[in-house]
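Inspection log for the structure reproduced underneath, given as structure tokens.
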Amino acid sequence: MRRLVVGISGGSGIPLAVELLRQLRCVEDIETHLVCTRGGEITAAQESEMSLEEICGLADVIHDNKDIGASIASGTFHTEGMVVVPCSMKTVAGICSGYTDNLLLRAADVTLKERRKLVLVARECPLNTIHLRNMYELSQMGVEILPPMLTYYNHPQSLEDCTRHIVGKILDRFGIEGKDFRRWNGCVEK
Ligand SMILES: Cc1cc2nc3c(=O)[nH]c(=O)nc-3n(C[C@H](O)[C@H](O)[C@H](O)COP(=O)(O)O)c2cc1C
């Protein structure tokens with residue numbers, strides 16, 4: 001069984017996390033470990049029809065963000081890596097500086113120190129120089145910055161199409177084919 005850590009922080013974009021967890025449920029050999037910040041809980045209440053319990057129910061294992069002794073806080077607990085979706089600028093700053101005062105930040109720090117894949121779906125608009133500097137520095141450390149940017153070449157018909165496309169891009173980073181992910185192959189059918 002491969003393990004993937006999914007962090008939800010207080011950026012806008014909770015439907016991305018929901019769709020990612022839904023699609024990962026269909027991947028037989030992936031066990032998802034979910035950790036959500038307080039900011040994530042607040043944005044979830046704003047942005048999703050689902051309750052926090054329902055969102056957490058999509059994961060295989062749920063961790064309390066205050067539990068710094070959880071399995072995912074240790075490098076000896078093997079995972080394929082971690083994705084933070086959505087990733088707030090506060091969490092970007094915490095990861096960049098190594099200030100691991102909650103489980104999500106500790107798990108990201110562990111992912112970095114173990115040289116595992118760390119994908120941040122970093123979301124803010126517009127971006128200030130601090131945000132850009134932090135993301136640049138993280139990128140230099142091998143972190144993949146995957147902002148939830150709109151794509152038009154795949155002719156999305158709905159917000160759900162846009163969400164699925166970004167989730168497809170996240171899954172691609174872990175070698176997993178996203179549901180209805182439309183790749184550019186020279187000409188995408190309308
Ligand atoms: C509805 C809502 C949307 C937000 N969207 C963003 C966002 O897109 N990016 C961001 O950096 N912060 C955003 N914030 C602010 C963060 O939630 C806040 O800075 C929080 O302290 C982040 O903490 P966390 O990273 O521990 O979750 C938003 C807050 C709310 C209530």
Side-chain angles (χ1 to χ4, degrees), residues 4-21 32-59 61-73 79 81-113 116-141 143-151 156 159-160 162-167 169-170 173:
L4 186 61
V5 182
V6 178
I8 298 180
S9 71
S12 182
I14 296 299
L16 295 166
V18 170
E19 180 62 21
L20 179 73
L21 288 167
T32 52
H33 285 250
L34 178 65
V35 57
C36 182
T37 66
R38 178 72 191 125
E41 290 176 10
I42 293 167
T43 46
Q46 291 292 323
E47 297 187 337
S48 179
E49 300 296 306
M50 292 171 74
S51 68
L52 186 65
E53 289 67 33
E54 286 170 321
I55 295 172
C56 289
L58 296 171
V61 183
I62 304 144
H63 299 280
D64 183 339
N65 195 37
K66 292 190 284 298
D67 182 9
I68 50 150
S71 55
I72 58 172
T79 73
M82 177 172 182
V83 53
V84 185
V85 53
C87 187
S88 78
M89 291 302 125
K90 179 192 159 204
T91 288
V92 164
I95 298 168
C96 188
S97 63
Y99 188 70
T100 62
D101 75 336
N102 65 40
L103 179 61
L104 186 151
L105 291 171
R106 169 64 186 167
D109 198 66
V110 165
T111 306
L112 265 177
K113 85 181 174 75
R116 295 174 189 152
K117 188 177 286 290
L118 178 59
V119 177
L120 304 183
V121 184
R123 198 276 167 198
E124 189 47 279
C125 184
L127 294 158
N128 69 29
T129 308
I130 299 169
H131 305 152
L132 290 165
R133 188 188 60 205
N134 286 339
M135 288 192 282
Y136 170 75
E137 285 183 7
L138 285 165
S139 175
Q140 295 283 95
M141 297 173 213
V143 175
E144 299 193 44
I145 308 293
L146 196 155
M149 300 236 184
L150 289 171
T151 306
L159 201 50
E160 287 70 31
C162 297
T163 300
R164 264 194 301 276
H165 190 73
I166 292 162
V167 167
K169 289 219 164 200
I170 299 168
R173 308 319 304 151

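Counting starts at 1 for both ligands and their atoms, following the listed order.
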Just which atoms of ligand 1 are under 4.0 Å from any heavy atom in [X]?
X    : value
S9   : 25 (O), 27 (O)
E124 : 7 (C), 9 (N), 10 (C), 11 (O), 12 (N)
T91  : 24 (P), 25 (O), 26 (O)

For R116, give me all partners under salt bridge (charged side-chain N to carboxylate O under 4.0 Å, His left out), at least two apart in sequence or on another chain.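 None.
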Would you verify that at least one protein heavy atom lies under 4.0 Å from atom 18 (C) of ligand 1, or report that none does?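 When distances to the protein are checked, atom 18 (C) of ligand 1 has no heavy atom within 4.0 Å.
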Residue, atom name and distance, where the atom is the protein heavy atom closest to [atom]:
atom                    : value
atom 5 (N) of ligand 1  : S12 N, 3.3 Å
atom 20 (C) of ligand 1 : K90 CD, 4.4 Å
atom 11 (O) of ligand 1 : M89 N, 2.7 Å
atom 15 (C) of ligand 1 : G10 O, 3.7 Å
atom 31 (C) of ligand 1 : I42 CG2, 3.9 Å
atom 22 (C) of ligand 1 : S88 OG, 3.6 Å
atom 9 (N) of ligand 1  : R123 O, 2.6 Å
atom 30 (C) of ligand 1 : T43 CG2, 3.5 Å

Side chain, backbone, both or neither: which part of T37 comes within less than 4.0 Å of ligand 1 when only heavy atoms are counted?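 The answer is the side chain.
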Got a sec, which pairs hit salt bridge (Lys or Arg N to Asp or Glu O under 4.0 Å) with one end in residues 36-45, sequence neighbours left out?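 Residue pairs with at least one partner in residues 36-45: R38-E41.
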Side-chain heavy-atom pair [X], [Y] within 4.5 angstrom cut-off:
X    : Y    : result
V110 : T100 : no
V143 : E137 : no
K90  : S9   : no

Look only at the side chain of T91 and the backbone of S88, and say whether a donor-acceptor pair between them is shorter than 3.5 Å.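 Not confirmed, T91 side chain does not pair with S88 backbone.
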Rounded at 0.5 Å granularity, tell me how far CG in L52 sits from CD1 in I8.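 The CD1 atom of I8 is 7.5 Å from CG of L52, to the nearest 0.5 Å.
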Should we count CE of M141 as having more than 12 external heavy atoms under 6.0 Å?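 Yes, enclosed.
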Do other residues, nucleotides or ligands put more than 12 heavy atoms under 6.0 Å from E49 CD?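 No, not enclosed.
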